Structures are given as structure tokens and as C-alpha cells.
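These notes concern the structure reproduced below.
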Amino acid sequence: MSLVVQKYGGSSVADAEGIKRVAKRIVEAKQNGHQVVVVVSAMGDTTDELIDLAGQVSPMPSGREFDMLLTAGERISMALLAMAIKNLGHEAQSFTGSQAGVITDSVHNKARIIDVTPGRIKTSVDEGNIAIVAGFQGVSQDKKDITTLGRGGSDTTAVALAAALDADVCEIYTDVDGVFTADPRVVKKARKIDWISFEDMLELASSGSKVLLHRCVEYARRYNIPIHVRSSFSGLQGTWVSNEPRGDRKVEQAIISGVAHDTSEAKITVVGVPDKPGEAAAIFRAIADAQVNIDMVVQNVSAATTGLTDISFTLPKTEGRKAVDALEKTRAQVGYESLRYDDQIAKISLVGAGMKTNPGVTATFFEALSDAGVNIELISTSEIRISVVTRAEDVNESVRAVHTAFGLDSDSDEAVVYGGTGR
Ligand code: ASP
Ligand code: MG
């Protein structure tokens with residue numbers, strides 16, 4: 001008998017109607033002869049509401065209590081879902097992450113899964129139940145405290161359980177029909193991708209695509225768990241993310257998988273840096289010591305007359321303050337002239353393993369932006385990705401222009417967004 005793990009996101013279980021709709025779909029999978037393990041997120045925007053609430057009682061809640069609070073969201077949806085399934089005449093049992101054997105380190109708010117011991121889940125499904133597991137949470141190995149895996153962590157719970165249970169597939173149900181060639185909220189003519197490799201999906205995720213988190217794809221690749229991303233609203237075939245194309249239809253990988261965008265980053269420019277050995281090292285040592293992760297880095301050619309150069313890099317906006325503070329402390333040592341901080345930027349990336357062997361991809365990308373009148377501020381490339389930084393206000397137009405230039409537009413406006421507030 002095959003075992004499937006299904007994960008339902010917050011927008012799929014946003015209200016009682018949603019929970020009943022999802023319950024029906026789960027029962028169908030069971031009736032089709034599968035053992036079913038379900039991972040569920042908190043209803044709608046519950047997690048955000050709990051975070052707001054915590055902020056109202058304390059400006060800096062302790063990590064332990066914060067996690068205890070947030071995990072309540074998933075406990076509500078798991079219990080309601082189990083009730084809804086029982087109401088359809090099927091047996092279901094709900095489990096917290098801890099009961100399901102999700103063991104983590106003790107870093108509250110962004111714990112990492114160390115081990116999964118799903119004995120109770122296995123017993124439950126072997127006895128004929130549908131097992132419902134609260135996503136996004138676990139228990140720390142040393143202190144036995146409740147932890148959370150970071151925002152959007154339920155996907156990772158699902159893949160981790162799928163790996164531990166040796167499931168045939170991990171189905172991730174969301175509010176769009178799969179992975180699209182661009183964010184369907186921005187590009188109406190975005191096309192659903194039938195199959196994408198782990199490699200390209202990882203690159204899309206790290207370039208800002210929100211449909212799957214990087215960590216979840218990373219986990220799936222490590223354990224070779226095929227992911228099927230699909231909508232809980234439409235029931236259509238979604239996108240398979242795996243090592244090899246699935247099914248009888250051998251899909252050839254496209255040259256370009258898609259266009260991703262990211263408006264969560266800021267840019268820091270260190271102006272007037274003396275062009276001599278050790279300067280860049282000192283700057284980035286300071287940034288690293290402040291525990292800030294950077295993304296793109298560009299150093300200008302120094303002006304011959306002054307011997308000074310500018311160094312720019314991007315980083316998450318949320319780390320902006322920390323990075324600027326750290327750099328200000330090194331000012332005397334580095335001897336730069338000034339710092340510029342700019343959070344009105346966007347990053348647009350083109351991803352596809354096929355670009356390695358296809359000349360002209362970079363030229364077409366830049367031409368599309370230039371035809372749209374968009375100025376490029378920074379550029380970085382990898383073997384399967386080209387990224388540029390532009391003004392934030394140009395982001396939607398840039399994504400659409402690049403999408404069209406690479407022939408990715410579909411003939412119909414097929415990209416439907418079924419739910420979610422995008423919050
Ligand atoms: N409820 C959590 C969040 O909103 C986890 C998840 O949805 O995956 O981040
Ligand atoms: Mg959520």
C-alpha cells in the first residue's frame with residue numbers, strides 16, 4: 001500500500017468551509033487506497049495575528065513562550081481537521097509536532113530538524129487512521145521545549161515526515177495550481193510548470209519565489225522525495241519537483257524555468273574605499289561578525305585620479321540596521337568616505353539549467369529590461385541564474401518584460417490565484 005503525505009497551507013484551511021473541503025479531499029485519497037498522513041498549517045493569517053498579539057503584551061517576548069504561542073495555531077487546525085474527517089465517517093487522529101516525533105535543535109523561532117521518529121504516526125496509519133500532524137513545530141532534543149521551524153515551516157515538516165515514513169510522494173497543497181514561470185500574482189500570463197528539477201527549484205526559491213521554501217526543497221533533494229505542488233481548490237495536476245521527469249510523458253527541461261523577483265532586500269554602498277589589499281576583507285569581516293548574510297556583491301573599478309572605489313552589496317532589509325552599525329564601527333579602520341543605504345530596490349532573476357549551453361540569454365535579458373526603460377544597478381550570475389537589481393517601483397514591469405522576452409507567456413490567462421491574502 002502506498003503512503004502519501006499531504007500538506008495543506010493556511011489559505012486552504014482559512015475557515016470552517018475550507019476545512020470541510022480539505023477533509024473531503026483527504027478522504028478521497030484514503031478511498032483511493034492510500035495510507036494518508038496530513039500536515040496542516042495554521043488557519044489563514046492566524047500566525048500573523050498571534051505574532052501581533054505577542055507584540056502587544058511584550059516588545060521582546062522570550063523565544064520559548066513565543067514558540068509555545070505560535071504552535072497553538074497549528075493545533076487548532078489539526079484538531080478541527082480531524083473532527084471534520086470523522087464527521088465524514090473516517091477515522092482520524094491529530095498529533096502535535098512533538099507527538100509526531102519531529103525533533104529539533106533548541107534555536108527558538110527557527111529551529112532545525114535533527115531527527116524524525118514517527119513511530120506513533122506509523123502505528124496510527126497502520127491501524128487504519130488518517131494521521132493529521134501540526135506543521136511548523138517540533139520539540140528540542142536537549143531541553144524538550146516546543147520549537148518552531150521558521151515562517152512557512154510546515155512544508156519542511158511535510159517533507160521531513162515523508163522522508164522518515166518513506167512516502168511515495170509529498171503533496172503540497174496551496175492556493176495556486178503549482179509552480180509558475182513567474183509569480184501569478186504579478187504575471188497573469190504565467191505558465192504552470194509540469195516538471196522542474198530540484199536544482200532549478202532551489203535557485204527559484206533562493207531568488208524570491210515563495211511557492212516553496214528553499215529549506216523544504218533542500219530537504220527533499222537530500223532524501224530524494226518527489227514533491228507535487230498543487231491546488232487544494234482546483235484538483236488539477238500541479239508541478240512535480242524531482243530529480244527526474246515523472247510519468248509516461250518525458251518532459252524535456254526548458255532552457256528557462258522561470259523569472260523570480262524579490263523585494264525583501266536592501267543595498268548598501270560603501271563609498272570611497274581606498275583601493276588596496278585588505279579593504280574588502282575588513283568590510284565583509286565586520287558584516288560577517290554581525291551575523292548578517294549578504295547576497296550580491298559588486299566592486300567598481302577605482303577612479304585613476306583618486307585611487308578610491310565603491311563597494312555595493314545586497315542583504316535582507318531586516319538586517320539593514322545591524323549591518324550599517326557594524327560598518328560604522330569600522331569606518332576609521334577602513335577609511336571609507338560614506339555609507340549609502342537604499343531599501344527601494346528589487347532583484348529580478350532568470351533561472352534555468354538550459355542557459356549554460358544557450359548563448360544570448362544574458363543579452364536577451366538585458367535587452368528586455370532596456371526596452372522596458374528599466375535601469376540595471378547590479379548584476380550577478382551563476383551557472384543557472386542571472387540576477388539584476390533595479391528600482392523597486394520597476395519590479396512588476398521588469399518581470400513581465402523578461403517573461404515575454406523569453407517566450408514564457410501562455411496563450412490564456414491561466415494563472416489563477418484561489419486564495420490567500422498574500423500577507
Ligand atoms: N503557520 C506558519 C506560518 O504562517 C507555518 C506555515 O504556514 O507553514 O508561517
Ligand atoms: Mg501560513
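This one's a predicted model, so the numbers in the text were calculated from it and none came from an experiment. Counting starts at 1 for both ligands and their atoms, following the listed order.
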Exercise. Answer yes if the ring centres of Phe284 and Phe313 are under 6.0 angstrom apart, and no otherwise.
Key: yes

Quiz item: Can an N or O of Lys7 be found at a distance shorter than 3.5 Å from an N or O of ligand 1?
Solution: no

Quiz item: Got a sec, which pairs hit salt bridge (Lys or Arg N to Asp or Glu O under 4.0 Å) with one end in residues 20-43, sequence neighbours left out?
Solution: Glu17-Lys20

Quiz item: So, does Gly135 sit close enough to ligand 1 that a heavy atom of it is under 4.0 Å from the ligand?
Solution: no

Quiz item: Quick one: which of Val298, Val388, Ile345 gives a side chain to side chain contact (heavy atoms under 4.5 Å, CB included) with Leu378?
Solution: Val298

Quiz prompt | Donor-acceptor under 3.5 Å (His228 side chain, Val241 main chain) | solution = no

Self-check item: Contact (N/O only, under 3.5 Å) between Arg151 and ligand 1
Solution: yes

Exercise. Would you mind listing every salt bridge (Lys or Arg N to Asp or Glu O under 4.0 Å) that reaches into residues 231-240, with sequence neighbours excluded?
Key: none

Practice problem: Could you tell me whether the side chains of His108 and Thr147 share a donor-acceptor contact shorter than 3.5 Å? | Solution: no

Quiz item: Do any heavy atoms of Gly153 fall under 4.0 Å from ligand 1?
Solution: yes

Self-check item: For ligand 1, the portion of Ser154 having any non-hydrogen atom under 4.0 Å away
Solution: both

Exercise. For Ser41, take its heavy atoms, then give the atoms of ligand 1 lying under 4.0 Å from any of them.
Key: 6 (C), 7 (O), 8 (O)

Practice problem: Give yes or no for whether the N/O distance cutoff of 3.5 Å, strictly under, is met between Gly152 and ligand 1. | Solution: yes

